[in-house]
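In what follows, a single structure is set out as structure tokens and then discussed.
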Amino acid sequence: MQKSFNPAEIEADAQSYWEQHQSFKATEDTEREKFYCLSMFPYPSGKLHMGHVRNYTIGDVISRYQRMQGKNVLQPMGWDAFGLPAEGAAIKNKMPPASWTYSNIEYMKGQLKQLGFGYDWSRELATCQPEYYKWEQWLFTELYRRDLVYKKNSMVNWDPVDQTVLANEQVIDGRGWRSGALVERREIPQWFIKITDYAEELLSEMDHMDGWPEKVRTMQRNWIGKSHGVRFAFPYELDGKAEQLWVYTTRADTIMGVTFCAVAAEHPLAQHAAKDNPELAAFIDECLQGGVAEADLATMEKKGIPTGISVTHPLTGEQIPVWVGNYVLWGYGDGAVMAVPAHDERDFHFAKGYDLPIIQVIDIEGETFSTDAWQEWYADKERGVCVNSDKYDGLNYLDAVNAIASDLEAKELGEKQVQYRLRDWGVSRQRYWGAPIPMINCPKCGTVPVPKEDLPVVLPEDVEFDASGGSPIKKMPEWFQTTCPECGGDAERETDTFDTFMESSWYYARYTCADASDSMLDQRANYWLPVDHYIGGIEHAILHLLYARFYHKLLRDVGLINCNEPFQRLLTQGMVIADTYYRMDDAGHRHWFNPSDVDVTYDEKGRVTAAKLQSDGEAVEIGGVEKMSKSKNNGVDPQEMVQRYGADTVRLYTMFTSPPDQSLEWSDEGVDGAYRFLKRMWALAANMHDAGIEPKPIAEIVSSLTASQQDARREIHTALKQASFDYSRQQFNTVVSACMKIVNTLYKLGASDTDQALLREGMGITLRLLGPISPHTTHYLWKKLGYGDNILESEWPQADESALKQDTVQYVVQVNGKVRAKIQVAADTTKDAIQQAALADNNVQKFIGDNPIKKVIVVPNKLVNIVA
RNA sequence: GCCCGGGUGGCGGAAUUGGUAGACGCAGCGGAUUUAAAAUCCGCCGGCCUAACGGCCGUGCCGGUUCAAGUCCGGCCCUGGGCACCA
């Protein structure tokens, strides 16, 4: 057998073996326990990045592990092929988004194959294929019939120069990325799906979703944001007509402290007041500048202006001035709020800024209220009681809310209401590269959904982009002019396309029956679903995962599937990060250098002393560790790594360096270390092979092991036990370290028959433990060393409990919680005898001194703590 | 601004979930092999004090609970992710 480890050769061999034997083709088999393992599919951006490699390695490790546990595993792969970057590339490269996308897919598919991922490629799909998006178009029309879809006005970022809608990502510091013009908020009609109808189920179901990380569940709960409050009205008169200003509050107990109301710039009341108030009109215009992203809105300086209109407090009858505030969001609730500056931090600062009255209506015993500065306790609803509130004085939060709500209800000016922060899902995009929304606007019949037999509405792929970035189909009458399915008259198609989350919300289900041509899903979906294990980036914790859960319930309610949730278990992987290096130019701009072009030197303690650019030998600045990105030029190309070290090393490194849910710091030296381990294992195997010894089975020699051989075997089985446990909890870094420990132990064995038998046992264990992680090398060695034909079909190793037993046990002896001695006692020693032995130790006695012994704690097989 | 994470040696991380802090690896140092280098193998490797035995300190900071805290509780600091049109 070859002495040197040659990954390129054995990896190609293993891959063609899997291909020939169709090792990963999954077939429905009700006799076997199924396991559906899914990694989030990639956007075909051009080539794989390390984040993909990490994600897909985790998924492949889980798939192969489950398969070796005997499960019927499905692991598919596909392409999230619609999206904004393809349009940018189209303008830049003067090629249609479709051809750019398809060529990226082809290249990236080759990369995935080189990495040895065990996918069932027969189920591959790309979301830009009409056979795929046809079904979500159909579902949308179905939802329209079920009254789960509606159209309403909604805000977008408008670039006044390019005359186009911008994504939040395309708004940089309030300006359009291409034109540099100040962005405006503009309302346009858009399609929505009623996810809020499912808010309660989406929320309550999460209580049972034990397979999801608690942090993701918490994030989703907060996103849905269920709150109990009171919706009520301030009556007022406008032009002699009785009107009502409606607001929602979770703090009805503070209603007696309202000193003003604030409405959003878009609110009808504000619009009305601005008619003969140029200052207000100017302010409203100002409010409409800037993007729609919530982070921008929430960090803006809080500004306002009075409308000159007053409303009547529904309980006190007082006149309350109404302001327009830039911090009040139109589209949340009623776009208006009651302001209680004494007990709401935002209102407090606003009132201080504009010299509005602040009236304390909540008090906590022992605290002193003052209007000088905001104090956290002002908002404490748990401990506070009402003051300055007439008949409500002395009531606690709950009693006050109940009393106030029923008083408002009696006046027919309000009632208790449950509200959600969650908003309906806006699915319209004014872009080209997406699935057309299957709706037709007929001047006679209004909105008419495209009938099933006319689906799909195919997006034309051969198009040209102009520099403004506007959608080509909006300028293609030959495409959008059509006839009305109902009256047959002239009509126009909807030219907006779907949000790409529409495609990524159901692909997991389509994989189960990717070739179904008569329906969206067929019975196979009920065999494979739910996905047993879903793996993807933490950045998808809310939006994608919530939309997919919602979609799943829609699919269930139209009768296509019969389970409630799509993803049984979820693993959110951390980011891949790397060092950054830069030089500052005279203008103060940073120029970033790729880590592979920089040499780093260390002092004798191993600390970094300097970094120099290889090309000129001059120093560069060290910029810290950041997420791999183009802008910081700190990306490492997986392709290059696979060529240099082989896929197994790259996979091993990514699994070993961090636990899957934490960020992974790239280090070239660390990759060397992973490579070194595989070479070390290879060398050991080559020696075993060439020695040609056929040792006796371990069972025959286990009774004749020497003490040191017993120690070696215990180390091997302890590591095996730990690794099996770590597989079950998906901590793969310690699985790898267990393999390293075993190999280190095996290196210390000699040439005797018994040592060789141990070696054979240990190598067999290591190969199977490492099999899911570095599949090519282990596939080769398993066969070459004669363990079997196909490691994927082998039996998972079990730790031998008898090997773990020890004759003597080490106890740590503490005096007052500090370690003072270590004693060795026979395994069957009684508690009393252990205590005696601990007290007999000289150093222990020294620290007890003359103090009386108050207490002795003995933790079996661990420690003795003497309290003196 | 709001929501959710994370801070352990020079570095990545481990500590079987309250019981010996630093497994495994990287970097570094020393040795073997070599004419030499690479590769490989072996050893050392938190800080301070000590000739040694050993001692003191140490898991972002301050405080608490406990026989015992990296782990639990309260407060603070730093740092990463998400915020609905990036995917």
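Residue numbers start from 1 in every chain, and the chains themselves are labelled A, B, ... in the order their sequence lines are given, proteins ahead of strands.
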With nearest nucleotides of RNA chain B determined for A:A298 and A:K627 from heavy-atom distances, which residue corresponds to the more 5′ nucleotide?
-> A:A298
Hey, does A:K822 reach any base, or is it just sugar-phosphate, or nothing, if we go heavy atoms under 4.0 Å?
-> base
Look up atom OH in A:Y43 and atom CD1 in A:I105, then write down how far apart they are to the nearest 0.5 Å.
-> 9.5 Å
Output yes when at least one side-chain N/O atom of A:N816 is less than 4.0 Å from OP1 or OP2 of B:rA68, else no.
-> no
Which of B:rG55, B:rU40, B:rC4 is nearest the side chain of A:N222? It is B:rC4
Sticking with atom C1', work out how far B:rG64 lies from B:rG54, rounded to a whole angstrom.
-> 33 Å
Report yes if at least one side-chain N or O of A:R217 is closer than 4.0 Å to OP1 or OP2 of B:rG5; otherwise report no.
-> no
Could you tell me whether A:Y43 contacts a base, only the sugar-phosphate backbone, or nothing, with contacts defined as non-hydrogen atoms closer than 4.0 Å?
-> sugar-phosphate
Of the nucleotides B:rC26, B:rA84, B:rU20, which one has an atom closest to the side chain of A:Q814?
-> B:rU20
Rounded to whole angstrom units, what separation is found between the CG atom of A:L678 and the P atom of B:rU40?
-> 13 Å
A:E715 CD to B:rA23 P: how many Å, rounded?
-> 15 Å
Below 4.0 angstrom, N of the basic side chain to O of the carboxylate: do A:R676 and A:E669 qualify?
-> no
Below 3.5 Å, does any donor atom in the side chain of A:N865 face an acceptor in the base of B:rC67, or the other way round?
-> yes
Please state the P separation for the pair B:rA69 and B:rG60 - nearest whole angstrom.
-> 15 Å
N or O in side chain of A:K862 less than 4.0 angstrom from B:rA15 OP1/OP2 = no
Whole-Å P distance, B:rG1 and B:rC76 | 14 Å
Check: A:D648 main-chain N/O paired with A:S774 side-chain donor or acceptor under 3.5 Å | yes
Say you pick atom C1' in B:rU59 and the same atom in B:rU20; how far apart are they, in whole Å?
-> 15 Å
Rounded to whole Å, the CZ-C1' distance (A:F725 to B:rC24) equals 17 Å
Nearest-angstrom distance from the residue atom CG of A:L545 to P of B:rA87 = 16 Å
With rounding to whole Å, what would you report as the distance between B:rA14 and B:rG25 at their P atoms?
-> 15 Å
For atom C1', what is the distance between B:rC57 and B:rG70, given to the nearest Å?
-> 16 Å
Candidate nucleotides B:rC56, B:rA23, B:rG19, ranked by approach to the side chain of A:S737 - the nearest = B:rA23
At under 4.0 Å between heavy atoms, what does A:P42 touch on the DNA or RNA strands: base, sugar-phosphate, or nothing?
-> nothing
Under-4.0 Å side-chain N/O to phosphate OP1/OP2 contact, A:R221 with B:rC4 | no
Rounded to the nearest Å, what distance is computed from the CD atom of residue A:Q170 to the C1' atom of nucleotide B:rA84?
-> 16 Å
side-chain N/O A:S667 vs B:rG12 OP1/OP2, d < 4.0 Å | no
Are A:K855 and B:rC67 close enough that a side-chain N or O sits under 4.0 Å from OP1 or OP2?
-> yes
What is the distance from CD of A:Q662 to C1' of B:rU8, rounded to the nearest Å?
-> 12 Å
How is A:M40 classified with respect to the nucleic acid when contacts are heavy atoms under 4.0 Å: base, sugar-phosphate, or nothing?
-> nothing
Between A:E494 and A:K151, is there a side-chain N and carboxylate O pair less than 4.0 Å apart?
-> yes
Any A:R680 side-chain nitrogen or oxygen under 4.0 Å from OP1 or OP2 of B:rC41 | yes
For atom C1', what is the distance between B:rC3 and B:rU8, given to the nearest Å?
-> 27 Å
OP1 or OP2 of B:rU17 under 4.0 Å from side-chain N/O of A:R729 | no
Separation of the P atoms in B:rA38 and B:rC29, to the nearest angstrom | 12 Å
For B:rG31, is chi within 90° of 0 (syn) or not (anti)?
-> anti
Assign A:V165 to base, sugar-phosphate, or nothing according to its heavy-atom contacts below 4.0 angstrom with the strands shown.
-> base
